[in-house]
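Just so it is clear, the structure is predicted and the values come from calculations on it, not from any experiment. Just the heavy atoms: all of them, side chains too, but no hydrogens, waters or symmetry mates, feed the values below.
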Amino acid sequence: AIDLGVPPLLRLVIARVAGDEVVVVWTHHHVILDGWSMGAVFAEVCEQYTAITQGRAPELVTRRPFRDYLHWLAEQNLEAAQAHWHTVLTGFDSRTALPFDRPPHQAHHSESTETLDLQLEGQDTIRLQQVAKHHGLTVNTVVQGAWALLLARYSGQPDVVFGTTVSGRPAELAGVESMVGMFINTVPTRARINETQDVVSWLQELQNAQIESRRFDFLSLAEIQAYSDLPAGTALFDSMVIFENYPFD
């Protein structure tokens, strides 16, 4: 375990397995790094190592400190964010039912019973990207739409909510793409299924709603949840969609 009271909340172990081979084990607490940041740190470590072996100075990226993000966060309009999420969730009073055989009772205590690894063929991926681009959509929106439809079919509810993990890196903060820290957040995505609406216009509406929500995705999920009409203490959703697209080389 990592003691949250003792910095720097990471460990590095190097084990020699042969005369010219070592295994490096890097353990860190998620509170200090998200996946995007981990890629950036790992790339910098590789650059430092390469520079040492080649006898040259490392070519490092100039990074803004994480404190600049905290300053940005402190300047945000909390009232506007609260009003937005209240509008998004008002009237949502029935959690999207999943087809489990017994209701879950313990949060953060899960065990995988099955993993399905599905990879699209190259041509299918290209077609998906082309269709999305042609209609001004992102592939992320298409995936979210597919999940919303799946939830609606399985639950029998036309109004569904699921969790979406967002990067949490505000575009207006210059240099945020190279900053290192914990930025990600999980926010709700609400989708209403209209059987009479064509899928493209529905996906475009879903995407526009997500663009608007990204302006306020800094609010904590615990606070956002309070703006639904669910009974107190009821979780807002039981499923999440994570669309990962890390700049990891």
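Under the 3.5 Å distance criterion, the side-chain polar atoms of Asn185 are left unmatched by any main-chain donor or acceptor of Gly168. With hydrogens and angles ignored, the 3.5 Å screen pairs a side-chain donor or acceptor of Thr96 with a backbone N or O of Val161. The backbone N or O of Trp72 lies less than 3.5 Å from a partner atom in the side chain of Gln76, making a donor-acceptor pair. Looking only at distances, no side-chain donor or acceptor of Arg67 sits under 3.5 Å from a matching main-chain atom of Leu70. Looking at Asp159, its side chain never comes within 3.5 Å of a backbone N or O of Arg192 through a donor-acceptor pair. Side-chain N or O atoms of Trp202 include none that pairs as donor or acceptor with a backbone N or O of Ile193 at under 3.5 Å. Between the side chain of Thr53 and the backbone N or O of Thr50 there is at least one donor-acceptor pair closer than 3.5 Å. Judged purely by atom type and a 3.5 angstrom limit, Arg64 uses its side chain to pair as donor or acceptor with the backbone of Ala174. In this structure, Trp85 contributes its side chain and Ser213 its backbone to no donor-acceptor pair below 3.5 Å.
Side-chain heavy atoms closer than 4.5 Å link hydrophobic residues (I, L, V, M, F, W, Y) into clusters, and following such links, even through other members, never connects Val6 to Val31. Cluster membership check: Val139 shares its hydrophobic cluster with Phe162, using side-chain heavy-atom separations under 4.5 Å among Ile, Leu, Val, Met, Phe, Trp and Tyr. A single hydrophobic cluster is seen to contain both Leu149 and Leu203, as judged by linkage of ILVMFWY side chains at heavy-atom distances under 4.5 Å, directly or through other members. Ile14 and Val23 fall into different hydrophobic clusters, where Ile, Leu, Val, Met, Phe, Trp and Tyr are joined by side-chain heavy atoms under 4.5 Å apart, directly or via other members.
Paired with Ser228 under the rule side chain to side chain contact (heavy atoms under 4.5 Å, CB included), one option of Leu89, Thr234, Val88, Asp93 passes, and it is Leu89.
Residues Pro58 and Ile52 fail the side-chain proximity criterion, which asks for heavy atoms closer than 4.5 Å. In this structure, Val166 and Phe218 have side chains that are not in contact, with every pair of non-hydrogen atoms separated by 4.5 Å or more. Looking only at side-chain heavy atoms (C-beta outward), Ile224 and Phe216 stay at 4.5 Å or farther from each other. Within the 4.5 Å cutoff, side-chain heavy atoms of Phe237 are placed close to those of Thr186. Between Thr90 and Tyr227 the shortest side-chain heavy-atom distance does not fall below 4.5 Å. At least one side-chain heavy atom of Leu10 sits under 4.5 Å from a side-chain heavy atom of Ile32. Between Glu223 and Leu78, the closest side-chain pair of non-hydrogen atoms is not below 4.5 Å. Gln204 places none of its side-chain heavy atoms less than 4.5 Å from the side chain of Thr141.
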- request: Might you work through the side-chain contact (heavy atoms from CB on, under 4.5 Å) test for Met38 and Trp26, ending with a clear yes or no?
  value: CA-CA 11 Å; Met38 185 173 66; Trp26 175 28; 3.7 Å; yes
query: Do Phe183 and Tyr69 pass the side-chain contact (heavy atoms from CB on, under 4.5 Å) test, and can you show the C-alpha distance, the side-chain angles, and the key distance before you say yes or no?
result: CA-CA 9 Å; Phe183 293 86; Tyr69 167 72; 3.4 Å; yes
- request: Begin with the C-alpha distance, continue with both residues' side-chain angles, and end with the deciding distance and a verdict on side-chain contact (heavy atoms from CB on, under 4.5 Å) for Leu219 and Val187.
  value: CA-CA 8 Å; Leu219 214 60; Val187 296; over 6 Å; no
query: Would Asp124 and Arg127 count as a side-chain contact (heavy atoms from CB on, under 4.5 Å) if you check the C-alpha gap in whole Å, the side-chain angles of each, and the deciding distance to 0.1 Å?
result: CA-CA 5 Å; Asp124 292 332; Arg127 288 179 59 199; 4.2 Å; yes
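Of the inter-residue distances, the one linking Leu33 atom CG with Ile184 atom CD1 reads 10.5 Å to the nearest 0.5 angstrom. Going from atom NE2 of His29 over to atom CG of Asp3 covers 10.0 Å, rounded to the nearest 0.5 Å. In this structure, NZ on Lys133 lies 13.5 Å from NE2 on His135, to the nearest 0.5 angstrom. Between the CE atom in Met182 and the CG atom in Leu9 there is a gap of 12.5 Å [rounded to 0.5 Å]. Annotation: the span from Arg190 atom CZ to Thr164 atom OG1 amounts to 14.0 Å, rounded to 0.5 Å. Distance check: Gln130 CD to Thr125 OG1 gives 11.0 Å after rounding to the nearest 0.5 Å.
Ion pairing between a basic and an acidic side chain is recognised when a charged N comes within 4.0 Å of a carboxylate O; Arg56 and Glu47 show such pairing.
Listed by chain and residue number, Ser239 satisfy the side-chain hydrogen bond (donor to acceptor under 3.5 Å, both in side chains) test with Trp147 (two or more places apart in sequence, or in another chain).
Counted within 6.0 Å of CD on Glu21, heavy atoms from surrounding residues, nucleotides or ligands total more than 12; the atom is thus considered enclosed. Under a cut-off of 6.0 angstrom, the local environment of CD in Gln54 is crowded, with over 12 non-hydrogen atoms contributed by other residues, nucleotides or ligands. Around atom CD of Glu172, more than 12 heavy atoms belonging to other residues, nucleotides or ligands sit under 6.0 Å away.
With hydrogens and angles left out, the side-chain atoms of Arg214 and Gln210 include a donor and acceptor closer than 3.5 Å. Side-chain contact of Ser37 with Arg63: a donor-acceptor pair under 3.5 Å is absent, judged by distance alone.
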